[in-house]
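Read the structure below first, then the notes.
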Amino acid sequence: MFLSLDLSLACAVVAFPWRPSSQLISRVPSRCNLTCHAAAPKVPLPIASPASLGDDPSKWDPAECDALLRGGEQVASVLQEMLTLMEDMEMDGAFEPVAVELVAQGVIGKRVDEMESGFLMALDYMIQLAQKDADDERKSLLEVIKQTVLDHLTKKCPPHVQVVGLLCQTEKKESRHELLRRVAAGGGVFKNDKGLKCQIPGANLSDIANQADDLLESMESRDTIPDRKLLARLVIVREEARNMMGGGLLDERNDRGLSTLPEAEVNFLSKLVALKPGKALERMIKDVMNGKGEGADNIEPSAGSHSEQERLTGVLGRGSVSGHKPRPVRPGMFLETVSKVLGGVYASNTSGITAQHLEWVHQTTLKILQEMAF
C-alpha cells in the first residue's frame, strides 16, 4: 500500500475554506512514499467515537468545527512524524506491518496525554473521506493510528472497563467465557493461542456487567444508534457476565432497579409470545434488532406520514398509557425486559409453556446479536 504524505495532510484541511490559511499547517512536499503494509486493525474498543458531522459543512456546529480543525492539525503532525521515522528505517516486506504499528505506538505514546478533544473526531472524518474516495491505503493507515490511540486510552481505564474492551474484541463465545473466568479469578499473565504472553486484569463480574449496561443505556437513550455492531457486542458482554454470576438470572446483583417495564419492549414481547416459535418469529426478532419495524430509529416524519411505530403506541396496539409515543425497541432494553418477565415467572413457580417460550426468545435474540456483532 502506498500513501503520499501530501494526500494525508490534505485530509486535515479539506472542506474548511473559511479558516485563514496562515492558521493551517503547511503541506510538506512529499519526499518519498510511505509504504504501509499494516495488518487490518483490530475491532475498536467500546470508547465511543464522535458521531458523524454529516456531509453539509454549513450545518456543522462551530465548536465542533474548531475542535475538528485542531484535531486535524494533530493528526497531520502525527503522520509527518511517522513518515520521518519510517524514512530512517530499513525494512523488508515481512517486517513492514510490525514496523508501522511500532512507529505508531512510539509516536502516539508520547502524545496521548496532550491530544486535543477533536483528535478522534478528525480521524473518523478522515477515515470517512478515505472510504468515499475508495483509498484503502490511506484508510488502513488512519485506522492503525486510531486503534493505537484507543489502546493507549484503554490502558488508563479501570480494570473492569479494560475487560469490557477485551470482551468486545473476542469473537468466540468459548473464549469470552474463558476470559471471564480468568478475570473473575484475579487475572494474571497467560499465553494466548499464538504462544504470546498477555496481561489480563482482575475484575468483579458485577462491575463488568454494570459497566456494559451503563454504556448500553447511554447508546440506547439516543434517537439514533450509529453503531449497532458495537451495541450488539455490549449486550452480549452484559448478558454473559450476568449469567456467569452465582445466582444466574435470579441473582439479586442483576436487579438494576427496573420497576416499570418499557412500553415499546413490552408491546413487542406481547406480539412474540402470541406466536409459535419458528423461522417467522426469528425473522421478526432479527428485523427489530437490526433497526427495522418497531426497532427503527426515531427520525422526524414528514407531514402527513404515519409510520408503523406511530400506530403501535400501546400494549397490544391499544393507546399509550403515558400519552407519549414510545421509544424504539432497543436490543439491550428488550433482553432486560425478557429477563425481568422470565425472573417473575420463575419466582412465582408458574413456569411452563410461557417460560419455555420466553427462554426461546431470549436465546434466539442472543444468537441473532452474536451474528450481528461479529
Side-chain angles (χ1 to χ4, degrees), residues 160 163-164 167 173 176-177 180-181 183-184 203-221 231-278 281-282 284-286 288-289 294-295 314-316 318 321-322 326-370 372-373:
H160 60 276
V163 173
V164 172
L167 291 168
K173 181 178 180 180
R176 289 196 300 271
H177 287 182
L180 281 170
R181 282 191 288 269
V183 165
N204 186 283
L205 289 175
S206 180
D207 292 339
I208 296 170
N210 291 345
Q211 179 63 48
D213 192 49
D214 290 341
L215 291 169
L216 276 173
E217 184 178 356
S218 175
M219 293 181 70
E220 294 188 339
S221 62
L231 185 72
R233 292 178 183 183
L234 288 170
V235 175
I236 291 172
V237 169
R238 184 191 69 183
E239 295 299 313
E240 290 180 349
R242 286 180 174 180
N243 288 339
M244 193 165 286
M245 287 195 280
L249 183 65
L250 298 180
D251 194 306
E252 60 183 10
R253 292 171 291 178
N254 288 333
D255 187 1
R256 299 298 304 278
L258 186 64
S259 57
T260 304
L261 296 178
E263 194 171 319
E265 281 75 9
V266 170
N267 185 30
F268 181 58
L269 184 59
S270 300
K271 290 175 61 177
L272 296 180
V273 297
L275 301 174
K276 182 179 179 181
L281 201 58
E282 184 175 345
M284 284 177 60
I285 299 173
K286 187 173 184 178
V288 171
M289 295 300 106
E294 293 93 329
V315 179
L316 296 176
R318 294 190 289 270
V321 175
S322 63
R327 299 185 65 85
V329 176
R330 298 305 194 196
M333 186 55 70
F334 174 68
L335 277 179
E336 186 90 23
T337 303
V338 175
S339 298
K340 196 76 173 181
V341 175
L342 196 53
V345 171
Y346 285 141
S348 60
N349 293 322
T350 56
S351 58
I353 301 298
T354 303
Q356 293 176 9
H357 199 153
L358 290 171
E359 287 280 10
W360 183 90
V361 169
H362 191 273
Q363 294 302 318
T364 301
T365 305
L366 282 176
K367 184 184 75 172
I368 292 169
L369 291 173
Q370 171 74 20
M372 288 172 55

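Hydrogens, waters and symmetry mates play no part in the numbers below; they use all other heavy atoms, side chains included.
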Please confirm whether the backbone N or O of [Y] pairs with a side-chain atom of [X], one donor and one acceptor, at under 3.5 Å?
X    : Y    : answer
E240 : R176 : no
S221 : S218 : yes
H357 : A274 : no
D213 : A209 : no
Q211 : V164 : no

Does the pair K286 and M372 meet the rule for a side chain to side chain contact (heavy atoms under 4.5 Å, CB included), with working shown? CA-CA 9 Å; K286 187 173 184 178; M372 288 172 55; over 6 Å; no

To the nearest 0.5 angstrom, please state how far the [atom1] atom of [X] sits from the [atom2] atom of [Y].
X    : Y    : atom1 : atom2 : answer
E282 : W360 : CD    : CH2   : 5.5 Å
L261 : T337 : CG    : OG1   : 5.5 Å
E294 : R327 : CD    : CZ    : 16.0 Å
Q363 : I368 : CD    : CD1   : 11.5 Å
L215 : N210 : CG    : CG    : 11.0 Å
I236 : T365 : CD1   : OG1   : 11.0 Å

Is the shortest distance from a Lys or Arg side-chain nitrogen in R330 or E336 to a carboxylate oxygen in the other one below 4.0 Å?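 Here R330 does not pair with E336 in a salt bridge, since their nearest N and O are not under 4.0 Å apart.
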
Determine, step by step, whether E239 and L369 satisfy the side chain to side chain contact (heavy atoms under 4.5 Å, CB included) criterion, reporting the C-alpha distance in whole Å, the side-chain angles of both residues, the deciding distance to 0.1 Å, and the verdict. CA-CA 11 Å; E239 295 299 313; L369 291 173; over 6 Å; no

Below 4.5 Å, heavy atoms only, C-beta onward: do L358 and L269 meet side chain to side chain?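 A side-chain contact under 4.5 Å exists here.
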
Would you check, one step at a time, whether the test side chain to side chain contact (heavy atoms under 4.5 Å, CB included) holds for L335 with L366? CA-CA 9 Å; L335 277 179; L366 282 176; 3.7 Å; yes

So, using side chain to side chain contact (heavy atoms under 4.5 Å, CB included) as the criterion, who are the partners of A184 when residues are at least two apart?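 Partners of A184 under the side chain to side chain contact (heavy atoms under 4.5 Å, CB included) test: L205.
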
Determine the minimum heavy-atom distance between [X] and [Y], stating which atoms define it.
X    : Y    : result
F334 : M289 : CD2-CE, 3.9 Å
A241 : I208 : CB-CG2, 4.2 Å
P262 : M333 : CG-CG, 3.4 Å
E220 : G332 : OE2-N, 2.5 Å
V329 : A264 : CG2-O, 3.6 Å
S339 : H362 : OG-NE2, 3.5 Å

Side chain to side chain contact (heavy atoms under 4.5 Å, CB included) evaluation trace for L342 with V361: CA-CA 11 Å; L342 196 53; V361 169; over 6 Å; no

